[in-house]
S.K.: 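Just dropping this structure here.
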Amino acid sequence: MQRKKWVALLIVLVVFAAGLCVEFVSGAYDELAESPGFSWDENIVSGSGTDKIVQLFVNGVISGEQNATGMPSMSELLSEQLRRVEEDENVKALVLRIDSPGGEVVATDELHTRILHLKQLRHIPVVVSMGSTAASGGYYLATTGDSIFANPNTLTGSLGVIFNLFNYSDAANKLGVHQFAIKSGRFKDIGSPSRPLTDPERQIFQTLVNESYNKFVDVIVKGRNLSRQRVLEIADGRVYSGEQAKRLGLIDQFGDLEEATRYALSLSGSPEAMVVRYTDQLSISKLLLSMKQYWSNPDPLGLTRVLERNGSPKLLYQFMP
């Protein structure tokens with residue numbers, strides 16, 4: 001009997017302590033969330049002096065969505081890093097390391113515009129270094145570079161737009177499941193997965209895809225100084241190796257990140273410079289936010305987000321085998 005009392009008391013203490021942790025995490029995160037902007041540390045990779053060459057990294061799918069823990073999106077983080085470059089007069093060149101299959105059309109275009117704004121404002125060279133993959137939206141961003149470096153085996157290209165729609169109407173009919181849409185206009189439920197896509201609906205979506213595709217072509221024409229006809233010939237959605245991309249004029253030189261950085265230094269006009277990278281100081285807040293999400297989130301695996309993403313189609317500049 002005495003043992004059971006101690007066990008019960010221990011359980012009460014554990015629950016009480018857990019409650020205090022949740023309260024602390026929520027309060028601490030709320031304070032951090034109210035702090036304006038982001039904070040970054042500068043890690044010196046090499047070199048010396050007061051002038052700087054900044055290396056920024058575009059890794060993974062380009063998205064404007066927060067991740068499952070509620071932390072800022074890649075697009076937000078990169079935008080903040082670019083803002084820091086803008087404000088630092090000691091930055092004399094930017095190296096953009098891209099290892100990405102692309103992503104959302106809007107997020108990609110916003111980042112592209114942000115980089116062009118930086119170049120116009122600061123008049124500093126931008127050199128692109130491609131990693132294993134710099135395809136579709138990854139290449140879209142690469143067109144901002146004054147020079148593009150890649151490995152002969154880099155996967156790039158995939159120049160185009162994709163818009164995926166899911167349809168389960170045949171399966172639903174077999175199961176006797178029906179969905180009825182009460183709508184204000186004939187196209188209000190356009191793309192519904194519960195019924196076949198009509199020809200007029202398909203044409204509407206194709207028009208949207210064509211508009212984004214034409215914007216992509218324009219970006220390549222301007223960024224790579226190629227004729228529109230030439231870009232239309234090669235922008236059929238296929239992927240290219242770095243070797244093929246160089247022959248097509250899509251990249252300039254073979255080389256790794258270090259070689260791209262040395263070239264950026266040569267364009268900067270500085271005899272020497274520190275090569276720096278930004279690391280964010282939000283590691284504590286990330287931990288606190290993750291804990292808060294874990295304790296308060298009824299869907300810690302993020303399954304709801306996955307279902308919502310599949311149910312909310314987007315125009316994508318993305319390589320999707």
S.K.: Is it true that a side-chain atom of R228 and a backbone atom of V221 form a donor plus acceptor pair closer than 3.5 Å?
M.R.: no

S.K.: May I ask whether V217 and F163 are part of the same hydrophobic cluster, defined by side-chain heavy atoms of I, L, V, M, F, W, Y residues being less than 4.5 angstrom apart, directly or through others?
M.R.: yes

S.K.: Look up atom CG in L56 and atom CG in N59, then write down how far apart they are to the nearest 0.5 Å.
M.R.: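 With rounding to 0.5 Å, CG (L56) is 11.0 Å from CG (N59).
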
S.K.: Salt-bridge test for R84 and E42: reply yes if a basic N is under 4.0 Å from a carboxylate O, no otherwise.
M.R.: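 E42 and R84: salt-bridged.
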
S.K.: Is any side-chain heavy atom of R238 closer than 4.5 Å to a side-chain heavy atom of S158?
M.R.: no

S.K.: Would you say V219 and L232 are hydrophobically clustered, going by side-chain heavy atoms of ILVMFWY under 4.5 Å?
M.R.: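 Linked within one cluster.
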
S.K.: Begin with the C-alpha distance, continue with both residues' side-chain angles, and end with the deciding distance and a verdict on side-chain hydrogen bond (donor to acceptor under 3.5 Å, both in side chains) for S194 and S192.
M.R.: CA-CA 5 Å; S194 64; S192 170; 2.8 Å; yes

S.K.: Report, as yes or no, whether the 6.0 Å neighbourhood of atom CG on N225 holds more than 12 heavy atoms from other residues, nucleotides or ligands.
M.R.: no

S.K.: Show the nearest heavy-atom pair for residues G242 and I251, with the distance to one decimal.
M.R.: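 Nearest heavy atoms, G242 then I251: O-CD1, 3.5 Å.
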
S.K.: Are R186 and E201 close enough for a salt bridge, meaning some N to O gap below 4.0 Å?
M.R.: no

S.K.: Using modelled atom types and a 3.5 Å cut-off, is there a donor and acceptor pairing between side-chain atoms of S241 and backbone atoms of Q244?
M.R.: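 Yes: the side chain of S241 pairs with the backbone of Q244.
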
S.K.: How many angstroms lie between atom CG of L248 and atom CG of L226, to the nearest 0.5 angstrom?
M.R.: 9.0 Å

S.K.: Determine, step by step, whether Q203 and T207 satisfy the side chain to side chain contact (heavy atoms under 4.5 Å, CB included) criterion, reporting the C-alpha distance in whole Å, the side-chain angles of both residues, the deciding distance to 0.1 Å, and the verdict.
M.R.: CA-CA 6 Å; Q203 185 56 47; T207 300; 3.6 Å; yes

S.K.: Please report the shortest heavy-atom distance between S100 and G60, naming the atom on each side.
M.R.: OG-O, 2.6 Å

S.K.: Does the side chain of V275 come within less than 4.5 Å of I44's, by heavy atoms?
M.R.: no

S.K.: Should L77 and L111 be counted in the same cluster of Ile, Leu, Val, Met, Phe, Trp and Tyr side chains packed under 4.5 Å apart?
M.R.: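 Shared cluster, yes.
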
S.K.: When you group the ILVMFWY residues by side-chain heavy-atom contacts below 4.5 Å and let the links chain together, are Y168 and V177 in the same group?
M.R.: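 Not linked; separate clusters.
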
S.K.: Atom CG of L265 and atom OG of S46: how far apart are they, to the nearest 0.5 Å?
M.R.: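 Between atom CG of L265 and atom OG of S46 there are 9.5 Å.
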
S.K.: Keeping the roles fixed (side chain from S136, backbone from G102), state whether a donor-acceptor pair exists under 3.5 Å.
M.R.: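 A pair under 3.5 Å: no.
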
S.K.: Does any non-hydrogen side-chain atom of P101 lie less than 4.5 Å from one of M320?
M.R.: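 The answer is no; the side chains never approach within 4.5 Å.
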
S.K.: For residues M130 and L155, determine if any side-chain heavy atom of one lies less than 4.5 Å from a side-chain heavy atom of the other.
M.R.: no

S.K.: Dump the intermediate steps for salt bridge (charged side-chain N to carboxylate O under 4.0 Å, His left out) on E86 and R114, then the final yes or no.
M.R.: CA-CA 10 Å; E86 282 183 6; R114 194 78 175 74; 2.5 Å; yes

S.K.: If you define the side chain from C-beta out and look only at heavy atoms, does anything of K215 sit under 4.5 Å from S212?
M.R.: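 No - every pair of side-chain heavy atoms lies 4.5 Å or more apart.
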
S.K.: Between A264 and A93, which heavy-atom pair has the shortest distance, and what is it?
M.R.: O-CB, 3.7 Å

S.K.: Are L197 and L165 close enough that some pair of their side-chain heavy atoms sits under 4.5 Å apart?
M.R.: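 Touching, per the 4.5 Å side-chain cut-off.
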
S.K.: Evaluate the ring planes of Y140 and Y317, with Trp represented by its six-membered ring, and classify them as parallel (under 30°), tilted (30 to 60°) or perpendicular (over 60°).
M.R.: parallel

S.K.: Do N210 and Q206 meet the criterion of a side-chain donor-acceptor pair at a distance under 3.5 Å?
M.R.: yes

S.K.: Applying side chain to side chain contact (heavy atoms under 4.5 Å, CB included), run through I98 and L141 and close with a yes or a no.
M.R.: CA-CA 8 Å; I98 301 175; L141 294 183; 4.1 Å; yes

S.K.: Which one of K52, R122, R83 satisfies the salt bridge (Lys or Arg N to Asp or Glu O under 4.0 Å) criterion with D88?
M.R.: K52

S.K.: Around atom NZ of K183, are there more than 12 heavy atoms from other residues, nucleotides or ligands closer than 6.0 Å?
M.R.: yes

S.K.: Would you say CZ of R202 has more than 12 non-hydrogen atoms from neighbouring residues, nucleotides or ligands within 6.0 angstrom?
M.R.: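 Not buried by this count: 12 neighbours or fewer within 6.0 Å.
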
S.K.: I'd like to know whether the aromatic ring centres of F254 and F149 sit less than 6.0 Å apart in this structure.
M.R.: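 They do not qualify: ring centres at least 6.0 Å apart.
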
S.K.: For A134, does its backbone N or O pair with a side-chain atom of T156 as donor and acceptor, under 3.5 Å?
M.R.: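 Flag set: sc T156 to bb A134 pair under 3.5 Å.
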
S.K.: So, the side chain of T108 versus the backbone of E104: is there a donor-acceptor pair under 3.5 Å, distance only?
M.R.: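 Checking the backbone N and O of E104 against the side chain of T108, a donor-acceptor pair under 3.5 Å is found.
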
S.K.: To the nearest 0.5 Å, what is the distance between CG (L257) and CD (Q55)?
M.R.: 4.5 Å

S.K.: Stepwise, does the side-chain hydrogen bond (donor to acceptor under 3.5 Å, both in side chains) test hold for R97 with S129?
M.R.: CA-CA 5 Å; R97 175 69 171 186; S129 169; 2.7 Å; yes

S.K.: Is the backbone N or O of I148 less than 3.5 Å from a side-chain atom of D252, with the two atoms forming a donor-acceptor pair by type?
M.R.: yes

S.K.: In the structure I gave you, are the side-chain heavy atoms of I62 and M74 within less than 4.5 Å of one another anywhere?
M.R.: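 SC-SC contact between I62 and M74 confirmed.
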
S.K.: What do the steps show when you test E110 against S75 for side-chain hydrogen bond (donor to acceptor under 3.5 Å, both in side chains), and what is the final call?
M.R.: CA-CA 8 Å; E110 287 179 346; S75 178; 4.5 Å; no

S.K.: Using a 3.5 Å distance criterion without hydrogens, assess whether the side chain of S63 forms a donor-acceptor pair with backbone atoms of E65.
M.R.: yes

S.K.: Ignoring hydrogens and geometry, is there a side-chain-to-backbone donor-acceptor pair from K246 to P152 under 3.5 Å?
M.R.: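 Absent.
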
S.K.: Hey, which of V54, L78, D41 is the one that makes side-chain contact (heavy atoms from CB on, under 4.5 Å) with Y278?
M.R.: V54

S.K.: Is the backbone N or O of L250 less than 3.5 Å from a side-chain atom of Y240, with the two atoms forming a donor-acceptor pair by type?
M.R.: no

S.K.: Please give me the minimum heavy-atom distance between Y213 and L159, naming the atom from each residue.
M.R.: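 Scanning both residues, the minimum pair turns out to be CE1-O, 4.0 Å.
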
S.K.: Return the minimal non-hydrogen interatomic distance between Q318 and G103, and the atom names on each side.
M.R.: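 Nearest pair, atom of Q318 first, then G103: OE1-CA, 3.6 Å.
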
S.K.: Taking V126's backbone N and O only, do any of them form a donor-acceptor pair with D146's side chain (distance below 3.5 Å, no angle check)?
M.R.: yes

S.K.: Starting at CD1 of I182, measure out to NZ of K188 and round the result to the nearest 0.5 Å.
M.R.: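 Going from the CD1 atom of I182 to the NZ atom of K188 covers 14.0 Å.
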
S.K.: Please find the pair of heavy atoms, one from A260 and one from V95, that lie closest to each other, and give the distance.
M.R.: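 Nearest pair, atom of A260 first, then V95: O-CG2, 4.3 Å.
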
S.K.: Membership question, hydrophobic clusters at under 4.5 Å side-chain separation (ILVMFWY): are I124 and L267 in the same one?
M.R.: no

S.K.: Let me confirm one number: the OG-CD1 distance from S266 to I53, rounded to the nearest 0.5 Å.
M.R.: 9.0 Å

S.K.: If you apply the rule side chain to side chain contact (heavy atoms under 4.5 Å, CB included), what do you find for E211 with V161, and how did you get there?
M.R.: CA-CA 9 Å; E211 287 178 357; V161 190; over 6 Å; no

S.K.: Walk me through whether L94 and L82 qualify under side chain to side chain contact (heavy atoms under 4.5 Å, CB included).
M.R.: CA-CA 9 Å; L94 173 66; L82 289 167; 4.0 Å; yes

S.K.: Do N173 and H178 have side chains that approach each other closer than 4.5 Å (heavy atoms only, starting at C-beta)?
M.R.: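 A side-chain contact under 4.5 Å exists here.
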
S.K.: Tell me whether the count of non-hydrogen atoms from other residues, nucleotides or ligands lying under 6.0 Å of CD in Q120 goes above 12.
M.R.: no

